[in-house]
Structures are given as C-alpha cells and as structure tokens.
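Worksheet: the structure to be examined is printed underneath.
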Protein chains: 2
Amino acid sequence: MSPVLDDRAAQVLRLVIEDYIETAEPVGSRTLSKRMGQLSPATIRNIMADLEDSGYLAQPHTSAGRIPTAAGFRYYVDYLLERRQLLRSERDQLQRTAGAGAPLPDETIRQIGRLLSQLSGQACVVVVASPDNQKLRGIRLLRAGRDNVLLVAVMQSGWVQHRLIEDEPGLTEGDLEKIGNYLDNLATGLTLSQLRSKILQEMRHEKSRYDRVMTRALALSSRAFPDSPAGEVYVEGRANILEQPEFVEDVHNLKRILRAFEEKSVVVRLLDRVLEGGETRVSIGTENPVEELPDISVVASALQKDGSPLGSIGLVGPVRMNYSRIIPLVEFTAGMLGSINGHR
Amino acid sequence: MSPVLDDRAAQVLRLVIEDYIETAEPVGSRTLSKRMGQLSPATIRNIMADLEDSGYLAQPHTSAGRIPTAAGFRYYVDYLLERRQLLRSERDQLQRTAGAGAPLPDETIRQIGRLLSQLSGQACVVVVASPDNQKLRGIRLLRAGRDNVLLVAVMQSGWVQHRLIEDEPGLTEGDLEKIGNYLDNLATGLTLSQLRSKILQEMRHEKSRYDRVMTRALALSSRAFPDSPAGEVYVEGRANILEQPEFVEDVHNLKRILRAFEEKSVVVRLLDRVLEGGETRVSIGTENPVEELPDISVVASALQKDGSPLGSIGLVGPVRMNYSRIIPLVEFTAGMLGSINGHR
DNA sequence: GATTAGCACTCAAAACACGCGAGTGCTAAT
DNA sequence: ATTAGCACTCGCGTGTTTTGAGTGCTAATC
C-alpha cells in the first residue's frame, strides 16, 4: 500500500472519484474507458482491481462498478486535487456580502454562511470563537432602569457583548461611573478569561482593603461573567443535506446528522481541530472529530485577525463532496474575513 | 353538515382522532369497537360512514380504515378536546429554564424553545418581535475605539440592542455625552419606529437652527437605525420533524418544510396572525398562514408584557398532532413568559 | 327501529418469480 | 503489456400471486 501510485493508476483513481462526485453512482470500466480514450475497459478493470487491493476503491457488490473509499478520497485530496478557481461572480458575491456590514456583526457572518452554503450546495457551519480569547477594548456600565445595570464589553475586534445584571439597587450615577472606570482600567487589553481570574484575585485583595466601591465593582462583574459563554454557533443551509442522495436514502442517518446540528457542542466539536491548525483542514469521513457522524466530511478554516482566533467556518457534506470547488471556497472566505478585520 | 354531532358520533370521532394521533395509521371499525365496548364493528361502520359524509373522516382507499380530515381535527379542537394538564415536572422544568436568566436574554428564550420542542416532540418556533414596536427605556452612546461609536438602546422589556457606528471621528467625550443625552430625551417612551420618524422630522428642523451637535446626533442615530431590523427568529427541534412518519415518507415534502424553516420570512409569517389575536391560536393544515405548507399545524401564542407584544412562540408539526397536550404547553409557556416580564 | 352477525367484495401491501443488463474476472489472442 | 471474448454474478425493475385488514350490504335479532 505504497502512498504513491503510478501515473495511470492515479489518473484512473481521479476519474473514478470525479465521476462519483457527480453521479453518486458506482462507476464502471466502460465509462472510464470512454472518458480516458486510450485504454480499453479490460485494462481499466485491471487497474481498478489493483486500486481495490490498495484500499482506494471498493465494490458495493460483485457486478457493480467501483466507488472510492475514504482512503481513496484522502489520496485524491492530498495528491491529485486540482483546485478550481472561484468564479469572478462568486468572489464578488462573497466580498459584497462581507463588505456590507460593520466588522463582523452577527448578521453579516450569518449571511456569509448562507451564501457559502448556497454556492457550495453544502451545509455551512460557523462558530464565532468564544470571546474569552479576544482582548477587550473597554468596558462600560449603564444604568438600565431602577434596579438593573447593563454592562457592555467591546472587544478589540469590534465584537460587542452585553450583560444585563439584575437587582443591583442603591448605586448612584456617581458610583456607577467610578465602578465603570475602575473595571475599564482593569480590563483593557486583557482577554475575558484573563479578566475573570484577575477579578477573583482582586476580590481577595480588595476585601481586606475595605474599599466599598471596588468590592462592589468586582462582585458585579463577577456576576456578569460567571462563566465562559460559549461562542455563537450558526448553521446555514441545512436543507442542502437533503439534496444528497446518500443521506436521503437512509432516513436513520439523516436524523442523526440533523440532530447533531442541533447540538451546539457537537457543531463546535466539528470545527474544533481547525482552530489550532490555522490552515484549511479537510476531514474525510471518520477523520472528522465527531465519531457519531462517520460519513460526513468537513472542510474548515479558522478565521483570525492579527493572529488571534475569531472563530471558524466550515462546509459540511457527504464524503462524496466536490473538494476541488469547496476547498478554494472556504479558503477564500476565511482569507477574506481575516483581511477585512485586519484593518486595525 | 351541521356543526354539532350527536354524542355517539362525537365519541367515535374523538376516538378515531386519538387513535390516529398515536399510530398515524388509518383506524378501522374493529379497533374502535374494542375500545368503545358497547357497540359492534358494524354499528361503528355506520357511524363512520355518516362522519365521512359530514366531511370529518376520509378513507385513503376502499378497504382501509378511516383517517380524520382537517375539518375533523378542527371539530375536535373546537368541541371535543380535553386539555391534558401539564405534569408537575414539565411545569417545573419550564419555570426553571425561564427563571434562570435575566429578563429574556436570547439564550434563555432559546433554551425555552428547545425544552418546549423536547416536551412536545415537535419543532418549536420563536419570533422575538422586532423591537420596532417596543418602547425604549433609554439610549446611551459609548466611545468604542478611536473612530467608532457604540449606540446602546434598552427597551422597556429589558431587551437590549446595540449598533456599532463606524467612522465617526472627531467627537469629544463631551460631544458624545451631549449627543447621548439629547437622543435619550428624544427617545425615551417612544417605540423605535416612532423614533425613526421623529428623527427624520427633527433633522429638517435642526438643519435650519444650525445646531452642530444636534444635527450630528440625528445623523448618527439615523445611521444606527437605518431600517427596521427584523426580529430574531429561532427554530429549535427541527429534527423532531423527522420523527413524524407522514413527513419522512415523502422526502419531497420534507425538503419543503425544512427549507421553509431556513427562510426567516416564512417563519415569521407562520406566527404572524397570532400577534394580533392575543389568544393561543391553532392553525390546522391549510388554515396556517403559509400556503406552501398545507400539511402542517401550528399552535402558537403571543408573548406580551403589559399588553405590548414581545414576540410569539409556536409549536409546528403534522396535522396529526397531540393538541390536548400541546395547546396547554404553549399556553402555559406564553403565560409564564408574560408574567416573568411582568415585574415592572 | 336500532343493532348485529354474516358474507362477498375490494384493494394495498407483502411475497415471490423472473428476465434484463451492467459490470466483473479470467483466458487466450494480439 | 494490452485487448477481445466470454461465461458468470447479482441488483433492480417488472409482473404475478397471495394475504389480510377493512368495508358495505343484507338479513336475522333484540
């Protein structure tokens, strides 16, 4: 099972895969022979038999054509794939959608996801990284009604979070401003998780120093950030899953996939690995991080700005996926979002 | 086709419906005879024939049992239904979930939707009313980085909206405060759409009076509220749709339903009518406001606080839906959310 | 007069049989 | 090394039969 195939075998493997991607049907030697010119069906059959021995192809049953195995797809993606350039119109659409909004408000990122799912015919998954790892630009406190306080945190990236803190009576406007400034100083430049631990630390200190206001500030903000908020998760174009014959055939599997999409944690897990890597990553079938879904593939990429992670975006579909179109799509989108946020 | 059936016919209709709700299979005279005691299959058959003439039952084909028509379900819901009390555990779960958060932050409402979909086995749809029709409690402006301004609008209901306004340089802290106060005065007590038109109006005035700051304020806020933001829309428990045999059988239809759920506007339309009514509303089959989906039912209710609409929540499923469980579920939830927000 | 037992009839769905044809593997000729 | 030829396999679609749940009607019964 050498990792490298001779030219002809590679060619055959490629054609099998490309045909299979289009038709979702096992492909036979006759079809290939026509498409390759040169070789006769019989020869092709021999080559295919070899490829089957090597584990790149498989037969659903005797007397059927061959279909690529996961290993086959892997080989294809690693060595054979020719990336198809994006169409000008695709690039334009993506850029227009991305450019329309402020630096990445929810709605924009969502629309990009939707567009991407349309262009690719797959489901699109976006995870906006938990703001825990983004640096804060500042914190403000606002009065919101008599007993409530609104805490607004702005991230360096332009992302905004707010928390409504209930039942915090007896604070004057002055108090609020003091507390706000104190927190703002404390927070600026830190990430949320750093802030959280800093707050705990300070709380011990301040108690002893007996500064009412500061203690109050800390108590308040620890109520606002009790725990790391999971990042936002969007799934767009779920219905595309239904366009895939291999999924529709088996309703049971279909259910599993759609259920999985409802589970935030699963979606996050799906894109997990990509966050570290930086590169666009292709997980084929069982390679993907969610063992419950052994027959889907994920093409995903991290979104980042100035090297700090903003989240990740991925296209999810059947193993039989048009990688040569989809990989460039994801890459371009990730690059684009990265550079859009790149300005300061 | 008199709207009122004699006791025995009503009884039969009820049993047919209840059996059909459970099994999704046509129900025959034998089964009913057993369940009713008393009457023999032959008698039941006669009654059923009558009910068919009246349009409440139908036969998929000769030699099959009967299934209820939409009219049959309508009659059932209007006259025959016995609401099943919620279990204590269901009430507890709902209240716990609702109580956990601040007054209705997104995440809480989402979780309620999810829980509701779980309890009901249907898909749950929540539309948070566009804030256009909610009264504002106040507006604040915040500096967010050098060139950007963050506008935070707090609604009476506790709902918070924020907009990041880019590229608004050259405003001092003082300016910002003045502008903020001015806007706050202008806005408090108005709804967003009222504010929008008021702003347009004021803009014409102020221009002539040549007050730089105010003009600035108005320009700024008209950038922040360029158009009515559609309310947030959540769909939870989509996968439950796949649990319904009548949907799974026909993949084509399934696609249509799931596609519809991706379309924000369709979801909104689904709950449209309920907003005015106030009452919990049941739309059976073709009665629902979305003609593209003639074979789903919606049980929906408005969410409101102090009489002003906050949004609406609905359970969506097949016409063959367990109304006697689902109607109380929706009603209870709507009531609960209403009263939670009721405190000032 | 309402109810019921009995019976012939209907029809969808399951079970079975069967031929077609795409596709294979092998062998022998090129 | 390639290819033509051929026998063989087996899934799929088609047509046929069987089965059984359920009906409508009629005549007997309470």
Side-chain angles (χ1 to χ4, degrees), chain A residues 5-13 15-20 22-69 72 245-246 248-251, chain B residues 5-13 15-20 22-69 72 245-246 248-251:
Chain A
L5 298 172
D6 76 78
D7 264 16
R8 246 185 15 189
Q11 171 81 337
V12 169
L13 179 56
L15 286 181
V16 171
I17 288 184
E18 283 169 3
D19 198 279
Y20 183 68
E22 261 187 67
T23 64
E25 301 277 301
V27 359
S29 53
R30 258 185 72 84
T31 334
L32 279 200
S33 166
K34 264 185 239 158
R35 196 163 308 207
M36 293 197 50
Q38 319 292 24
L39 270 7
S40 83
T43 318
I44 307 266
R45 280 205 284 280
N46 289 328
I47 305 175
M48 283 167 112
D50 292 351
L51 285 169
E52 186 168 355
D53 289 343
S54 314
Y56 297 130
L57 293 182
Q59 274 183 300
H61 57 89
T62 3
S63 95
R66 302 299 211 293
I67 61 176
T69 62
E246 52 263 71
V248 176
E249 263 164 26
D250 172 9
V251 189
Chain B
L5 298 172
D6 77 77
D7 264 16
R8 245 183 17 186
Q11 172 81 335
V12 168
L13 180 56
L15 286 182
V16 170
I17 289 183
E18 282 168 3
D19 198 280
Y20 183 67
E22 261 187 67
T23 64
E25 301 278 301
V27 359
S29 53
R30 258 185 73 83
T31 335
L32 279 199
S33 165
K34 264 186 241 158
R35 194 164 309 207
M36 295 197 49
Q38 318 295 22
L39 270 6
S40 81
T43 318
I44 308 266
R45 280 204 285 281
N46 290 328
I47 305 176
M48 283 169 113
D50 292 350
L51 284 169
E52 187 168 355
D53 289 343
S54 313
Y56 296 130
L57 293 182
Q59 274 183 300
H61 57 88
T62 2
S63 96
R66 301 300 210 294
I67 61 176
T69 62
E246 52 263 69
V248 176
E249 262 163 27
D250 171 11
V251 190

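Throughout, a chain's letter reflects where its sequence line sits, starting with A, and its residues are numbered from 1. Note that the structure is a prediction, hence the values are computed from the model and not measured.
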5'-most contact on DNA chain C: A:G65 or B:S40, nearest heavy atom basis?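 Mapping each residue to its closest nucleotide by heavy atoms, the 5'-most match is B:S40.
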Comparing nearest nucleotides in DNA chain C, the 5'-proximal residue of the pair B:L39, A:V27 is B:L39
Could you go through nucleotides 10-14 of chain C and list every protein N or O atom that sits under 3.5 Å from one of its N or O atoms, giving the distance for each pair?
unit_1	atom_1	unit_2	atom_2	d
C:dT10	O2	B:S63	OG	3.2
C:dC11	OP1	B:T62	OG1	3.4
C:dC11	O4'	B:S63	OG	3.3

5'-to-3' dot-bracket of DNA chain C (Watson-Crick, G-U; under 3.5 angstrom; crossing pairs as [ ]; | other strand): ||||||||||||||||||||||||||||||
For B:E52, enumerate each residue passing the side chain to side chain contact (heavy atoms under 4.5 Å, CB included) test, keeping only those at least two apart in sequence or located in another chain. B:Q59, B:R66
Minimum heavy-atom distance between A:G65 and A:P60, given as atom pair plus value: O-CD, 3.3 Å
In whole angstrom, give the distance that lies between atom CG of A:L57 and atom C1' of C:dG23.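 These atoms are roughly 14 Å apart.
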Tell me the interatomic distance from B:R8, atom CZ, to C:dG1, atom C1', rounded to whole angstroms.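 Distance check: B:R8 CZ to C:dG1 C1' gives 12 Å.
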Mind checking B:Q38 for me? I need base, sugar-phosphate or nothing, with any heavy atom below 4.0 Å counting as a touch. sugar-phosphate
Just one of A:I44, A:L51, A:V27, A:I47 clears the side chain to side chain contact (heavy atoms under 4.5 Å, CB included) bar with A:V16, so which one? A:V27
Go through the structure and list residues passing side chain to side chain donor-acceptor pair (under 3.5 Å) with B:E246, not counting sequence neighbours. B:R320
Can you list the residues that meet the side chain to side chain donor-acceptor pair (under 3.5 Å) rule with B:S63, with sequence neighbours excluded? none
Should we say atom CG of B:D7 is surrounded by more than 12 heavy atoms from elsewhere, each under 6.0 Å from it? no
Under 4.0 Å from a heavy atom of chain A: give me the 5'-most and 3'-most nucleotides of DNA chain D that qualify. D:dT2 to D:dG11
Between the side chain of B:S29 and the main-chain N/O of B:R45, is any donor-acceptor distance below 3.5 Å? no
I'd like to know if the side chain of B:T23 reaches the main chain of B:D19, judged simply by a donor and an acceptor atom lying under 3.5 Å from each other, with no hydrogens or angles considered. yes
Nearest 0.5 Å, please: how far is [atom2] in [Y] from [atom1] in [X]?
{"X": "A:L39", "Y": "A:R8", "atom1": "CG", "atom2": "CZ", "value": "5.0 Å"}
{"X": "B:I67", "Y": "B:I17", "atom1": "CD1", "atom2": "CD1", "value": "11.0 Å"}
{"X": "A:L13", "Y": "A:E18", "atom1": "CG", "atom2": "CD", "value": "9.5 Å"}

